[in-house]
Amino acid sequence: MAQPVSVAQGSYGMISERTRLRMIERLRQQGIRDERVLAAMYEVPRHLFIDQALATRAYDDVSLPIGQGQTISQPLTVARMTEKLLEGRSSPGKILEIGTGCGYQTAVLLKTGAQVYSVERLSGILDKARLNLRNAKLVHARLVHGDGHQGLPDVAPFDGIIMTAAARQVPPALLPQLAIGGRLVLPIGDQEQHLWLYEKTATAIQETRLEAVRFVPLLPGKQ
């Protein structure tokens with residue numbers, strides 16, 4: 001496991017090491033086992049990715065609003081999706097994220113050592129993500145203003161694809177952009193949503209339904 005960082009000092013004041021450690025202990029109790037994921041969740045200053053008015057809730061296990069009808073997912077959901085994406089891989093490799101949001105999931109992926117490409121349809125939200133990632137000193141992701149339904153075919157194939165908005169079905173463009181041995185993790189559904197894992201082999205796509213979740217919908221186009 002990576003060495004813990006020192007106590008975080010952000011623009012929202014001191015966020016104690018104990019607060020972060022409590023979050024990590026809670027994630028362990030909730031079943032997160034991958035030490036790379038736990039280290040990344042500890043190291044990323046989640047309070048830098050939300051509005052100052054909500055900073056006291058930054059490490060609670062809740063989703064929080066980030067503006068324009070979007071949310072930052074609860075820590076357990078971020079950890080769970082990241083763990084499933086990396087499962088069985090010694091190196092995270094090249095990851096496509098659909099739905100940059102505030103940049104928190106992007107940051108966690110970067111901290112695991114992944115090479116991250118992230119697509120966001122809302123330009124205002126993408127600008128916030130860029131600022132948040134700069135404030136967190138994580139500037140190595142390639143952030144793209146675009147329609148997540150299309151993925152990034154010019155950069156494919158990807159070792160993993162993670163989607164942070166709920167689709168009614170897997171966007172047809174995404175699975176062809178997944179490398180052999182790669183994994184796609186995304187929420188599917190409308191009123192009732194579940195996480196799904198798609199694993200690509202040389203001959204087939206294996207599908208696994210995971211737990212119930214709640215995400216904002218995946219919308220087409222860009223604004």
Residues in side-chain contact (heavy atoms from CB on, under 4.5 Å) contact with [X], at least two apart in sequence or another chain:
X    : answer
Q30  : R26, L27, D61, L76
V155 : K94, Y117, R142, L152, F158
L210 : R80, K84, L195, L197, T208
V170 : L175, L184, L186, I188, Y198

Nearest heavy atoms of [X] and [Y], plus distance in Å:
X    : Y    : value
S118 : G99  : OG-C, 4.5 Å
L138 : K111 : CD2-CE, 4.0 Å
P153 : Q177 : N-OE1, 3.4 Å
T100 : A129 : CG2-CB, 3.8 Å
A107 : F49  : CB-CZ, 3.7 Å
P92  : G113 : CG-C, 4.1 Å

Sequence neighbours excluded, which residues qualify as salt bridge (charged side-chain N to carboxylate O under 4.0 Å, His left out) partners of E199?
-> R183
Of all pairs that satisfy salt bridge (Lys or Arg N to Asp or Glu O under 4.0 Å), the ones with a partner from residues 132-141, not counting sequence neighbours = none
Could you note down all residue pairs passing salt bridge (Lys or Arg N to Asp or Glu O under 4.0 Å) where residues 163-178 supplies at least one of them, sequence neighbours left out?
-> R168-D190
Where at least one partner belongs to residues 101-110, residue pairs that pass side-chain hydrogen bond (donor to acceptor under 3.5 Å, both in side chains), sequence neighbours excluded | T82-Q105, E97-T106
Got a sec, which pairs hit side-chain hydrogen bond (donor to acceptor under 3.5 Å, both in side chains) with one end in residues 146-159, sequence neighbours left out?
-> R89-D159, D147-H149
Distance check, rounded to the nearest 0.5 Å: [X] atom [atom1] versus [Y] atom [atom2]?
X    : Y    : atom1 : atom2 : value
R214 : Q74  : CZ    : CD    : 12.5 Å
H47  : L54  : NE2   : CG    : 13.5 Å
S91  : R36  : OG    : CZ    : 8.0 Å
N135 : K128 : CG    : NZ    : 13.0 Å
H145 : E120 : NE2   : CD    : 7.5 Å

With heavy-atom distances below 4.5 Å as the criterion, would you say the side chains of [X] and [Y] are in contact?
X    : Y    : value
M41  : I24  : yes
L85  : L109 : yes
L218 : P171 : yes
L143 : L133 : yes
Y59  : P75  : no
I161 : K200 : no
M163 : L174 : yes

Single-linkage hydrophobic cluster [X]~[Y], side-chain heavy atoms < 4.5 angstrom:
X    : Y    : value
V44  : I95  : yes
I98  : I66  : no
V116 : L48  : yes
I205 : W196 : yes
M81  : L178 : no

Should we say atom CD of E192 is surrounded by more than 12 heavy atoms from elsewhere, each under 6.0 Å from it?
-> no
Under a 3.5 Å distance rule, please check whether [X] uses its side chain to pair with a backbone N or O of [Y] as donor and acceptor.
X    : Y    : answer
H140 : A114 : no
D34  : E83  : no
Q206 : T201 : no

What ring-ring contact (aromatic ring centres under 6.0 Å, His included) pairs are there with at least one residue in residues 67-93, not counting sequence neighbours?
-> none
Stepwise, does the side chain to side chain contact (heavy atoms under 4.5 Å, CB included) test hold for E35 with L38?
-> CA-CA 5 Å; E35 294 295 336; L38 292 167; 4.0 Å; yes
Under the side chain to side chain contact (heavy atoms under 4.5 Å, CB included) rule, what do K222 and L126 come out as? Steps first, then yes or no, please.
-> CA-CA 11 Å; K222 60 181 183 178; L126 191 61; over 6 Å; no
